[in-house]
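To keep things clear, I will list the structure first and then write my remarks on it.
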Amino acid sequence: MNSADAKRTKLRSDLRSEQPTVAVGAHDAMTASLIEKNGFDAVWVSGLGVSTMTYGLPDLNLITLTEALSAAVRIDAATSLPVIADCDNGFGSLSNLVRTVREYERSGIAAICVEDNTFPKRNSLYRGESQRELIPRDEQARRIRAAKRAQETTDFFFIARVESLIAGYGVDDAYDRAASYVEAGADGLLVHSRDKTLAEIDDFLERWDGVAEVPLVAVPTLFPDFTADQLFDRGFRLIIFANQTMRAAVHATSEVLATLRAEGNAAAVDSEITPVDEIFGLVQTREAIELEEGTT
Ligand code: SPV
Ligand code: MG
């Protein structure tokens, strides 16, 4: 079994297990390898993370399919965990979405997630004033059907993301969209929400109970008090901590820069940062040199 097959098989079997599958968002390869080292089950390639951390751009469909895919491929190479790549709204038209599936699948990525935001998208956590349009339900279902037909393997995993609750269209709209997307062939369903109490999500879950066996996915950024186990007990199988590593990196880097600026010497930050030897170890430097020098 090649590594793409092994990762896809692992993701599907984790999602059938009797415990939550927990993914953490990465914006680069090192973050992915740290996520693996810390015992998580999968890596989420965050569109927000890649836009922000790799390109210094807002999460508004400014990065292209090629840029997003190359970030996902670098991340995938750095971990043996399955990678779930955020593909925003599929980077454009139905044909763009079909190409997205082909490219990510052929590149060995285990899973992708595609949302029903219109182009240009808004990040779901952004509190804008204007009413957000979503791709009409039947049109998004048609796009998903075409995308799934384009798939060449059986295990590549397609998560359809429903933005009804984020955009204020309510639980009925979320339910109708979820049912259509699953009928169109989605393998998993992410119903995104910013409701801290989970009341809307609970309404959705109650209506959804028994409708379809597809794994449900939660991104609990805005209901952060719920643990992965609690979300699993409510009915979610995959929990994605989407942006905590990116925010940790911005926070830690800002602190170190402030200290360096104030103190003017490197020793002032030494106790706050990872020793260089540990960095060498994280990318197996000794092993590579021993191989080069023929000492192994
Ligand atoms: C991301 O990490 O890019 C996501 C999750 O799509 S969210 O930012 O909550 O929309
Ligand atoms: Mg995103």
Side-chain angles (χ1 to χ4, degrees), residues 21-28 31-32 35 40 42-65 67-72 75-76 81-92 96-97 100 104 109 111-128 132-135 140 157-169 174 177 181 186 188-196 198 200-201 216-226 228 231 236 238-250:
T21 301
V22 184
V24 180
H27 48 275
D28 63 15
T31 308
I35 291 167
F40 291 97
V43 174
W44 164 252
V45 182
S46 163
L48 174 64
V50 173
S51 300
T52 307
M53 304 297 280
T54 307
Y55 291 95
L57 290 171
D59 186 17
L60 301 175
N61 269 137
L62 296 178
I63 63 169
T64 64
L65 162 60
E67 290 168 340
L69 177 62
S70 80
I75 285 169
D76 190 52
L81 297 179
V83 164
I84 305 161
D86 180 3
C87 288
D88 297 336
N89 43 16
F91 308 102
N96 291 93
L97 176 58
T100 299
Y104 275 76
I109 304 300
I112 62 170
C113 177
V114 175
E115 65 204 34
D116 48 16
N117 264 309
T118 49
F119 192 101
K121 62 159 286 177
R122 297 284 177 263
N123 181 274
S124 307
L125 309 176
Y126 180 75
R127 282 170 211 282
R132 285 175 42 195
E133 296 289 319
L134 301 183
I135 299 169
Q140 182 68 348
F157 197 88
F158 187 105
I159 300 172
R161 168 164 156 181
V162 176
E163 289 283 296
S164 307
L165 303 181
I166 294 283
Y169 294 110
R177 285 174 178 272
Y181 300 169
L189 206 55
L190 195 176
V191 181
H192 208 357
S193 167
R194 56 169 82 193
D195 176 3
K196 220 173 156 16
L198 281 198
E200 270 187 334
I201 286 277
L216 297 178
V217 184
V219 176
T221 310
L222 295 176
F223 35 98
D225 293 332
F226 292 91
L231 292 167
F236 291 104
L238 172 63
I239 317 302
I240 302 176
F241 294 118
N243 60 30
Q244 287 72 18
T245 65
M246 169 192 92
R247 289 157 60 195
V250 170

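Predicted, not measured: the structure shown is a model, and the values here were computed from it. Start at 1 and go down the list; that is how both ligands and their atoms are numbered.
Closest heavy-atom approach to atom 10 (O) of ligand 1 among the candidates R161, K121, E115, H27: R161. Comparing P220, S46, S51, G47 by heavy-atom distance to atom 2 (O) of ligand 1, the nearest is S46.
Checked options N117, L134, D116; the residue passing with Q140 is D116 (criterion: side chain to side chain contact (heavy atoms under 4.5 Å, CB included)). Just one residue in the list E115, E163, R132 forms a side-chain hydrogen bond (donor to acceptor under 3.5 Å, both in side chains) with S124, and that residue is E163.
Ligand 1 has no N or O atom lying under 3.5 Å from any N or O atom of N243, backbone or side chain. Considering backbone and side-chain atoms alike, L48 places an N or O below 3.5 Å from some N or O of ligand 1.
Less than 4.0 angstrom separates some heavy atom of S124 from each of these atoms of ligand 1: 10 (O). Close contacts of ligand 1 with D86, meaning ligand atoms under 4.0 Å from a residue heavy atom, involve 1 (C), 3 (O), 4 (C), 6 (O). When each atom of ligand 1 is checked for a heavy atom of L125 under 4.0 Å away, the hits are 8 (O), 9 (O).
Note that CG of N89 and CG of N96 are 9.5 Å apart. Values are rounded to the nearest 0.5 Å. Distance CD1/I201 to CZ/R194: 12.5 Å, rounded to 0.5 Å. S51 OG to N123 CG: the interatomic distance, rounded to the nearest 0.5 Å, is 8.5 Å. Rounding to the nearest 0.5 Å gives a distance of 4.5 Å between CG of L165 and CD of E200. Distance check, rounded to the nearest 0.5 Å: CZ of F91 to CG of L69 gives 8.0 Å.
For atom 7 (S) of ligand 1, the nearest non-hydrogen atom of the protein is H192 NE2, 3.7 Å.
With waters neither drawn nor counted, the protein N/O/S atoms under 2.8 Å from the Mg ion (ligand 2) amount to 1.
Without hydrogens or angle criteria, D86 side chain to G47 main chain gives a donor-acceptor distance under 3.5 Å. At distances below 3.5 Å, at least one donor-acceptor pair connects side-chain atoms of T118 with backbone N or O atoms of E133.
Applying the salt bridge (Lys or Arg N to Asp or Glu O under 4.0 Å) definition to pairs two or more places apart or across chains, those involving residues 50-59 are D59-K121.
Remark: distances from the non-hydrogen atoms of N123 to ligand 1 include one below 4.0 Å.
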